[in-house]
Amino acid sequence: MDYQDIIKEWKQKKFRSLYWLEGEEDFFIDQVSNYAEHHLLDEAEKGFNLTILYGKDTDWSTVINACRRYPMFAERQVVVLKEAQSMKDILKLEAYIENPLSSTIFVVAHKQGKLDGRSKMAKLVKEKGVLLSTKKMYDNQLPAWVDAYVSSLGRAITQKAGILLVDHIGNDLARMANEVDKLLVNLPEGKKIDENDIEKYVGISKEYNVFELQNALGQKDIEKVMRIIRYFAANPKAGPIQMVLPALYNFFSKMNMVFGVKGGEKEIAAALGVHPFFVKDYMAAARQYGPEGAEKAILLLHSYNLRSIGINDSGVEDGELMKELVYKMMY
C-alpha cells in the first residue's frame, strides 16, 4: 500500500487503528500525516478529538494515554505522532499497538529510519495496522512521478516541462510538488503546463539550463554551448559552476556506459538508470565522442572541478573556466 492508497481508503471512510509511516522519503510521510491532521475530522470534531504530538517533546506514556481516550461527540479520534524517530523508548508503544482502541486512528510519522523487520514491533505493526515504508526515488523515476502528480490534480504537463522541473530541482519531491502547486494557481483552468509556464513562474529558462547545455555538448554544437555558457556567466544563479559540473559529469559518465551495453534503447535505459526519453540523447552523444572522447571529457571534468574550488588555479572566473573546459571537451 502506498501513500495514495491510504488516502484513497480514508476518503472512502475505511479506517484502521494504526498507520506506521517510515523511511527515507519525507514527502510521502508528510502527505499522509497532514491529511490525517486536516481531513479525517471535521472542524467541530477537531477541538476534542484531534491530538498532535511531537517525538522530541513527548514520551511513550503520554502517547498511549492519548490513544486510549474515547472520542467525544464523534465516532473516532485522531492521534498523530510526528517526528517519532526523536522519541525515547518508542518501542514501549508495543503495549498499545498490541491492543489498539478501534475508535482511535493512530498515525506515527517516523522519518529517516525503518523498523527492524525481525522485531516484535514490526510484526505487531503489520498485524494490527498499516505499514508505509518509503524510499527515495531514483532519478529516472522523477519525470514519471511529476506527470503522475500533476495528473492526480486533474491537470497535465508536457514531457519537456516535466524534465525541466526535474533537471532544475532534483530529487526533492516536496519542493517539486510546491512548484507544481504554484504553477496551477497561476494558470487558467484546463491549461496544460508547458516550457513557457516553467520559465515564467518557476524561473527556469527553457533555452538556458543545464539540460540544454548537456544536449548541446552531446551534439558538439559549439555555438549553442557558448551561448548558454555566456548566459550562465551573466546570470550566476541560473547556472552556478558547482551545479553545472556535477550534472555534466553525470551525463558523460552515463554516456560512457553506453559503450558497454548490449541491446537497444530499452536495455540502455535500464543499464543507465534513466528515463527512456533520454536514451536517444546518450546514444547520439556516444556516437559523437566515442569511447576515447567520453573518457577525455570525464577526466577534464574532474580536473576543472578541482580548479573551480581553487586547486591548481590562479583565480580564473567561472565563465572563463567553463569556456575553456567545453572547448577542450569538444576538440
Side-chain angles (χ1 to χ4, degrees), residues 139-140 142 160-161 163-172 175-176 179 195-196 198-260 272-275 278 280-331:
D139 289 348
N140 65 314
L142 294 173
K160 180 68 177 292
I163 289 169
L164 278 176
L165 265 182
V166 169
D167 183 62
H168 180 70
I169 295 173
N171 199 341
D172 185 340
R175 186 179 166 204
M176 198 97 69
E179 292 294 351
E195 305 95 284
N196 294 320
I198 300 295
E199 184 171 35
K200 182 176 180 180
Y201 296 109
V202 183
I204 309 168
S205 171
K206 63 181 179 180
E207 295 181 15
Y208 303 104
N209 56 72
V210 177
F211 177 69
E212 291 297 331
L213 177 60
Q214 288 176 177
N215 282 344
L217 276 170
Q219 297 165 17
K220 291 193 175 181
D221 185 341
I222 183 66
E223 183 180 339
K224 184 175 181 180
V225 168
M226 289 304 180
R227 189 164 64 244
I228 295 172
I229 298 270
R230 286 194 294 271
Y231 178 86
F232 286 168
N235 302 274
K237 290 184 178 179
I241 196 168
Q242 292 79 14
M243 179 189 77
V244 173
L245 292 182
L248 294 183
Y249 186 85
N250 183 55
F251 175 78
F252 278 93
S253 295
K254 289 186 184 301
M255 184 193 79
N256 195 37
M257 293 170 62
V258 171
F259 302 111
L272 271 58
V274 300
H275 190 276
F278 296 103
K280 285 188 173 70
D281 294 333
Y282 286 105
M283 293 175 69
R287 288 191 294 270
Q288 285 279 358
Y289 285 83
E292 290 183 2
E295 185 176 349
K296 174 187 171 184
I298 291 169
L299 292 173
L300 282 167
L301 282 162
H302 177 68
S303 173
Y304 277 76
N305 183 55
L306 293 176
R307 289 184 63 183
S308 75
I309 57 175
I311 298 175
N312 302 323
D313 187 76
S314 57
V316 180
E317 292 288 333
D318 288 351
E320 293 305 313
L321 267 183
M322 285 297 303
K323 289 177 186 177
E324 186 180 312
L325 166 64
V326 298
Y327 187 85
K328 288 182 178 179
M329 289 167 67
M330 289 187 288
Y331 294 101

Item to check | Intermediate values then yes/no, side-chain contact (heavy atoms from CB on, under 4.5 Å), H168 and N209 | outcome: CA-CA 8 Å; H168 180 70; N209 56 72; over 6 Å; no
I'd like to check [X] versus [Y] (side-chain heavy atoms, cut-off strictly below 4.5 Å). Are they in contact?
{"X": "P236", "Y": "D318", "answer": "no"}
{"X": "Y289", "Y": "K220", "answer": "yes"}
{"X": "L248", "Y": "M322", "answer": "yes"}
{"X": "V166", "Y": "M176", "answer": "yes"}
{"X": "L213", "Y": "F232", "answer": "yes"}
{"X": "H302", "Y": "L300", "answer": "no"}

In Å, rounded to the nearest 0.5 Å, how long is the span from [atom1] of [X] to [atom2] of [Y]?
{"X": "N312", "Y": "S303", "atom1": "CG", "atom2": "OG", "value": "7.5 Å"}
{"X": "M255", "Y": "Y282", "atom1": "CE", "atom2": "OH", "value": "10.0 Å"}
{"X": "Q214", "Y": "I228", "atom1": "CD", "atom2": "CD1", "value": "10.0 Å"}
{"X": "N171", "Y": "I169", "atom1": "CG", "atom2": "CD1", "value": "11.0 Å"}
{"X": "E212", "Y": "D167", "atom1": "CD", "atom2": "CG", "value": "9.0 Å"}
{"X": "L245", "Y": "I309", "atom1": "CG", "atom2": "CD1", "value": "10.5 Å"}

Item to check | CA sep, side-chain torsions, deciding dist, call: K160, K206, side-chain contact (heavy atoms from CB on, under 4.5 Å) | outcome: CA-CA 9 Å; K160 180 68 177 292; K206 63 181 179 180; 5.9 Å; no
Check: residues 324-331 side-chain donor-acceptor pairs under 3.5 Å, at least two apart:
unit_1 : atom_1 : unit_2 : atom_2 : d
E324   : OE2    : Y304   : OH     : 2.4
E324   : OE2    : R307   : NH1    : 2.8
K328   : NZ     : Y304   : OH     : 2.9

Within the side chain of [X], is there an N or O that forms a donor-acceptor pair under 3.5 Å with the backbone of [Y]?
{"X": "K254", "Y": "L272", "answer": "yes"}
{"X": "S253", "Y": "N250", "answer": "no"}
{"X": "D172", "Y": "R175", "answer": "yes"}

Do you know which two heavy atoms are closest between [X] and [Y], and how far apart they sit?
{"X": "S308", "Y": "I241", "value": "CB-CD1, 4.0 Å"}
{"X": "G273", "Y": "N140", "value": "O-CB, 2.8 Å"}
{"X": "A297", "Y": "F252", "value": "CB-CD2, 3.6 Å"}
{"X": "V244", "Y": "G239", "value": "CG2-O, 3.6 Å"}
{"X": "I198", "Y": "A161", "value": "CG1-CB, 3.8 Å"}
{"X": "G319", "Y": "A233", "value": "CA-CB, 4.1 Å"}

Next on the checklist: Looking at E207 and K224, is any side-chain nitrogen of the basic one under 4.0 Å from a carboxylate oxygen of the acidic one?
Outcome noted: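 Looking at E207 together with K224, the answer is no, because their closest N to O distance does not fall below 4.0 Å.
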Checklist entry - Using 4.0 Å as the upper bound for N to carboxylate O, is an ion pair formed by K200 and E195? => result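 No, this pair does not count.
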Checklist entry - After noting the C-alpha distance and the side-chain angles of E199 and I204, does the key distance pass the side-chain contact (heavy atoms from CB on, under 4.5 Å) rule? => result CA-CA 5 Å; E199 184 171 35; I204 309 168; over 6 Å; no
Next on the checklist: Test: ring-ring contact (aromatic ring centres under 6.0 Å, His included). Region: residues 206-230. Which pairs qualify, not counting sequence neighbours?
Outcome noted: Y208-Y231, F211-F278
Item to check | Heavy atoms from other residues, nucleotides or ligands near OH of Y249 exceed 12 (cutoff 6.0 Å) | outcome: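 No.
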Next on the checklist: Just checking Q242: does its CD atom have more than 12 heavy atoms from other residues, nucleotides or ligands closer to it than 6.0 angstrom?
Outcome noted: yes
